[in-house]
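A short worksheet on the structure shown next.
One-based numbering, in listed order, for ligands and for the atoms of each. In what follows, every heavy atom counts, from backbone to side chain, and hydrogens, waters and symmetry copies are set aside. Just so we're clear, the structure is a prediction, and the values are computed from it rather than from any experiment.
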Amino acid sequence: MEKIEIKEYQGEKLGSSNDFRENSIKGPQHVDIKNYRLEIGGLVTKPHQYTYDEVIKNHKPYKKVTTLHCVEGWSVKILWEGILVKDLLNDVEPDPKANTVIFYAYDGYSTSMPLDYIINKNIMIAYNMNDAPERGFPFELVAEDKWGYKWIKWLTKIELSDNPNYRGYWEQRGYNQKGNVEGPIFEE
Ligand SMILES: Nc1nc2c(c(=O)[nH]1)N[C@H]1C(S)=C(S)[C@@H](COP(=O)(O)O)O[C@H]1N2
Ligand SMILES: [Mo]
């Protein structure tokens, strides 16, 4: 049976996965979980390819209510459940030269963020939203305090890099590299 989304968490009203405006670059993706791997590589000592179950069963789960704000002017508050990116990074042992994390997705999308932000803000990849499966199944990056274009869905690869100037799909098209909700939408 399909799981039903919860509408409230600890007294706080939540939005719904139906509140998102579907505007992904190639439309919704359907990832075959049997063949799915999450790859972690680049500047790391022990690159690894996880199955979906290995990601979920071998790492501690976290839950957090966080709002996604799209640059188009809408936002949705969701209870996300996932694991911390820094717990995965612990497995692969990043090189001290790494300062940037580049994320790639099934639809060819990509984006990047500073390694410090990922670690210090306890950024997670989510497999559930509102206790029901992810729109970005298997994993969506919960890029708290960043514009929606940093919240990459259908995540397939995490690459550690020493290039802070790597520009993802929307960043190449003029959207701000930092992507902070408090800051500008476009590159200045
Ligand atoms: N793989 C992938 N992830 C993506 C996108 C995309 O096109 N492809 N769009 C981004 C944008 S612009 C937003 S606002 C959020 C939420 O988009 P949605 O409403 O289409 O789910 O997903 C982000 N993650
Ligand atoms: Mo967006």
Side-chain angles (χ1 to χ4, degrees), residues 2-7 14-33 35-42 49-50 52 55 64-85 88 100-114 117-118 121 123-159 161 166-188:
E2 280 280 289
K3 281 207 194 141
I4 308 242
E5 272 193 274
I6 58 161
K7 296 197 165 79
L14 300 170
S16 156
S17 63
N18 298 320
D19 298 340
F20 289 85
R21 289 190 212 159
E22 172 44 57
N23 58 7
S24 309
I25 54 162
K26 292 190 178 152
Q29 303 292 304
H30 303 282
V31 175
D32 170 16
I33 208 63
N35 298 319
Y36 175 80
R37 296 290 182 277
L38 176 62
E39 186 184 338
I40 308 199
Q49 296 202 0
Y50 299 88
Y52 179 74
V55 174
K64 188 164 189 186
V65 175
T66 310
T67 302
L68 178 149
H69 303 272
C70 175
V71 293
E72 292 178 320
W74 51 270
S75 52
V76 189
K77 190 194 262 189
I78 296 284
L79 170 65
W80 307 91
E81 180 177 353
I83 64 139
L84 302 188
V85 176
L88 293 174
T100 301
V101 189
I102 308 173
F103 298 89
Y104 301 88
Y106 197 68
D107 58 353
Y109 195 85
S110 68
T111 190
S112 65
M113 272 148 270
Y117 159 82
I118 296 290
K121 285 261 182 182
I123 296 305
M124 65 157 97
I125 55 170
Y127 45 83
N128 274 349
M129 44 201 296
N130 292 349
D131 284 348
E134 248 300 329
R135 275 165 61 78
F137 180 84
F139 299 108
E140 172 166 4
L141 188 75
V142 180
E144 195 171 347
D145 302 330
K146 304 266 186 202
W147 291 114
Y149 60 84
K150 295 284 187 183
W151 297 53
I152 186 169
K153 296 178 287 188
W154 310 300
L155 183 66
T156 53
K157 185 177 169 194
I158 301 175
E159 183 187 330
S161 162
Y166 174 90
R167 299 186 78 89
Y169 185 89
W170 286 119
E171 294 90 337
Q172 277 173 43
R173 289 161 176 78
Y175 285 86
N176 193 268
Q177 175 75 350
K178 290 198 186 89
N180 292 329
V181 168
E182 299 295 322
I185 292 180
F186 296 105
E187 206 55 52
E188 299 180 302

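- Of the protein's heavy atoms, I25 N, 2.8 Å lies nearest to atom 7 (O) of ligand 1.
- Between K64 and E144 there is a salt bridge, since a side-chain N of the basic residue sits under 4.0 Å from a carboxylate O of the acidic one.
- Counting atoms of ligand 1 from 1 in the listed order, those under 4.0 Å from a heavy atom of W154 are 1 (N), 2 (C), 8 (N).
- For ligand 1, the atoms sitting less than 4.0 Å from at least one non-hydrogen atom of R135 are 18 (P), 19 (O), 20 (O), 21 (O), numbered in the order shown with element in parentheses.
- Remark: E72 pairs with no residue by the salt bridge (Lys or Arg N to Asp or Glu O under 4.0 Å) rule, at least two apart or across chains.
- A donor atom on one side chain and an acceptor atom on the other are not found under 3.5 Å apart for K7 and S16.
- Electrostatic pairing of K121 and D145 counts as a salt bridge here, judged by a charged N lying under 4.0 Å from a carboxylate O.
- In this structure S161 satisfies the side chain to side chain donor-acceptor pair (under 3.5 Å) test with no other residue, sequence neighbours excluded.
- Looking only at heavy atoms of the protein, atom 3 (N) of ligand 1 is closest to K153 N, 3.0 Å.
- Counting only heavy atoms of the protein, atom 11 (C) of ligand 1 lies nearest to G148 O, 3.6 Å.
- Of all protein heavy atoms, the one lying nearest to atom 24 (N) of ligand 1 is W151 O, 2.8 Å.
- None of Q177, R167, R173 except one satisfies the side-chain hydrogen bond (donor to acceptor under 3.5 Å, both in side chains) rule with E187; the exception is R167.
- For the residue pair T156 and Y36, no side-chain donor N or O sits within less than 3.5 Å of a side-chain acceptor on the partner.
- Those atoms of ligand 1 with a heavy atom of N23 less than 4.0 angstrom away are 17 (O), 18 (P), 20 (O).
- Of all the listed residues (G136, P28, C70), C70 holds the heavy atom that lies closest to atom 14 (S) of ligand 1.
- No N or O atom of W170 sits closer than 3.5 Å to an N or O atom of ligand 1.
- Shown in contact with I152 at under 4.0 Å from a heavy atom are these atoms of ligand 1, numbered in order with element: 3 (N), 24 (N).
- Applying the 6.0 Å contact sphere to CD of E22 captures more than 12 heavy atoms from other residues, nucleotides or ligands.
- The number of heavy atoms from other shown groups lying within 6.0 Å of NZ (K178) does not exceed 12.
- Under 4.0 angstrom from ligand 1, the non-hydrogen atoms of D107 all belong to its side chain.
- Residue contacts with ligand 1 for R21 involve N, CA, C or O but no side-chain atom from C-beta outward (heavy atoms, distance under 4.0 Å).
- At a heavy-atom cutoff of 4.0 Å, ligand 1 is contacted by the side chain of A105 but not by its backbone.
- At least one heavy atom of W74 sits closer than 4.0 Å to an atom of ligand 1.
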